[in-house]
Structure formats: structure tokens, C-alpha cells
Amino acid sequence: MCYGKCARCIGHSLVWLAVLCIVANILLYFPNGETKYASDDHLSRFVWFFSGIVGGGVLMFLPAFVFIGLEEEDCCGCCGQENCGKRCAMLSSVLAALIGIAGSGYCVIVAALGLAEGPLCQDYLGQWNYTFAKTEGQYLMDTSTWSQCREPKHIVEWNVTLFSILLALGGIEFILCLIQIINGVLGGICGYCCSRQQRYDC
């Protein structure tokens, strides 16, 4: 098995997942495409935690580019042995993967909390509050209660959809980084790649 090729594929996957996380988080700021709710501070508190922009987004670029760059690693190695340098590079990628786990874990936790608490919305009495905060997430199974939020329109669907996307994307990122930890350890111990002349095609 070529551990360098596996790392490269994981890296490319993380780049696209990070971009999607950033987009999903940005959309949370504009319910129904409107900006007034953000300017009036009428958004869920967990939207302002930047879980998709920072955790699942920016922080993921570091491990992603490290993994992609492994195949271009031109380390001279230790004691003149190039393979030794390759192994060290694979082992060092484990540190980058740990950063990815921290970022994706943050994204998952905040998204889960955002789903559990529900959106900040205006109720029938015209008051802005967290209508579903005391339901412990049970509102997710009872869509008939979603109409309790009068404004922004369809805010429950908006929040549930986007936080669910962030939860799923963060979960996938977490799993990929975990796989890279295993891949990096095996690559460092067993050897970088099955063949030095192998072409890397993801």
C-alpha cells in the first residue's frame, strides 16, 4: 500500500470539505438571503462561533496541504537515507492530523449544540427568543411545532439544514483525519511507499 498516495487523496478531500463548511457557515448569517437579521443580532448564538469558517474551514487547510505536499517531500533523510526522511515526514503528518481533528471536532460540537438549542426567532407574541431551547432537541422530530417561529420565515428549516450539513461535513473531516493518523503511523513505521517510481494518481 502506498501511504503517500492515501495521504494525498485525504488532503484533496479535506480541501473541498473545508470549502463547503465555510459556505454553509456563511449562509447561516443570511436567512432567506437577507442581511437584516445579522445586523440586528437576531441569529442563533452558535452561528457566531464560526464553527464552519474556522473549525471545519480554515483550520482544515493546514493538514490538507500538509497531506497533499507529502508526495512532493524531497527530504534528504537522516544519515543519507532518503526513505528515513520520508518516514519522518509521514510521522510528522500525524501532528497536522491532530490539528484537523481539533478543528473538525469543534465544528461537530458547535453544530450539534446549534441543532439542539434551535434558532433565535420571533414567536407569536412578537418576542425574540429561543423557542425550542427547552425541548432538548425534540422539536427536530416534530415539524408541526416549527410554525411557532414567525420570523425569519422558514428559519427552523434554514438552521436545521445548514447545521446538519456542518455536522455531517465535520464528522467526515474528523474521520479522514483519524484515518491519516493511522496512515501516518503505518507509513512512518512500515515505509513511505511501495515504489519510489510510482506515479501518484488520486
*For Y29, all residues meeting ring-ring contact (aromatic ring centres under 6.0 Å, His included), sequence neighbours excluded*: W48
*Of all pairs that satisfy side chain to side chain donor-acceptor pair (under 3.5 Å), the ones with a partner from residues 88-102, not counting sequence neighbours*: S93-Q180
Per-pair distances, 0.1 Å, donor-acceptor, side chain in residues 162-177, under 3.5 Å, sequence neighbours excluded:
from : atom 1 : to   : atom 2 : distance (Å)
S164 : OG     : V160 : O      : 2.5
E173 : OE2    : A18  : N      : 3.4

_I need the T35 OG1 to D40 CG distance, nearest 0.5 Å._
9.0 Å
*Starting at CD1 of I181, measure out to CG of L98 and round the result to the nearest 0.5 Å.*
4.5 Å
*Return each pair, listed once, that meets disulfide bond (SG atoms under 2.5 Å apart) where at least one residue sits in residues 90-141; pairs must be two or more places apart or across chains.*
C121-C149
*Can you measure from OG (S104) to OH (Y106) and round to the nearest 0.5 angstrom?*
13.0 Å
_Is any side-chain heavy atom of Y124 closer than 4.5 Å to one of S147?_
yes
_Residue pairs passing the salt bridge (charged side-chain N to carboxylate O under 4.0 Å, His left out) test where at least one lies in residues 120-137, sequence neighbours excluded_ = none
*Any chance you could measure N183, atom CG, to M90, atom CE, to the nearest 0.5 Å?*
4.5 Å
*asked:* Distance check, rounded to the nearest 0.5 Å: L120 atom CG versus I155 atom CD1?
replied: 8.5 Å
*Given F30, which of I26, N32, L27 fulfils the side-chain contact (heavy atoms from CB on, under 4.5 Å) condition?*
I26
*Which heavy atom in P119 sits nearest to a heavy atom in V156, and how many Å separate them?*
CG-CG2, 3.9 Å
*asked:* For a quick test of reading the model, state the closest non-hydrogen atom pair linking I179 to I10 and the distance between them.
replied: CG2-CD1, 3.8 Å
Show which side-chain atoms of residues 56-70 pair as donor or acceptor with protein atoms under 3.5 Å away, not counting sequence neighbours.
none

*Using side chain to side chain contact (heavy atoms under 4.5 Å, CB included) as the criterion, list what pairs up with L113, not counting sequence neighbours.*
F46, I109
*Just how far is it from atom CG of D41 to atom CH2 of W128, taken to the nearest 0.5 Å?*
10.5 Å
_Is it the case that the side chain of T161 and the backbone of W158 share a donor-acceptor pair, with hydrogens and angles ignored and the cut-off at 3.5 Å?_
no
*Going only through I, L, V, M, F, W and Y residues with side-chain contacts under 4.5 Å, is there a path from W16 to I53?*
no
*For residues 53-62, pull every pair meeting salt bridge (charged side-chain N to carboxylate O under 4.0 Å, His left out), keeping only residues two or more places apart or in separate chains.*
none
_Quick test of your reading: applying salt bridge (charged side-chain N to carboxylate O under 4.0 Å, His left out), list the pairs with at least one residue in residues 107-121, sequence neighbours left out, ordered by first then second residue._
R45-E117
*What heavy-atom pair brings L28 and V47 nearest, and what distance separates the two atoms?*
CB-CG1, 4.0 Å
_Tell me which pairs pass salt bridge (charged side-chain N to carboxylate O under 4.0 Å, His left out) where either residue lies in residues 140-166, with sequence neighbours left out._
K36-E151
*Which atom names give the shortest non-hydrogen contact between A116 and Y139, and what distance separates them?*
O-CE2, 3.8 Å
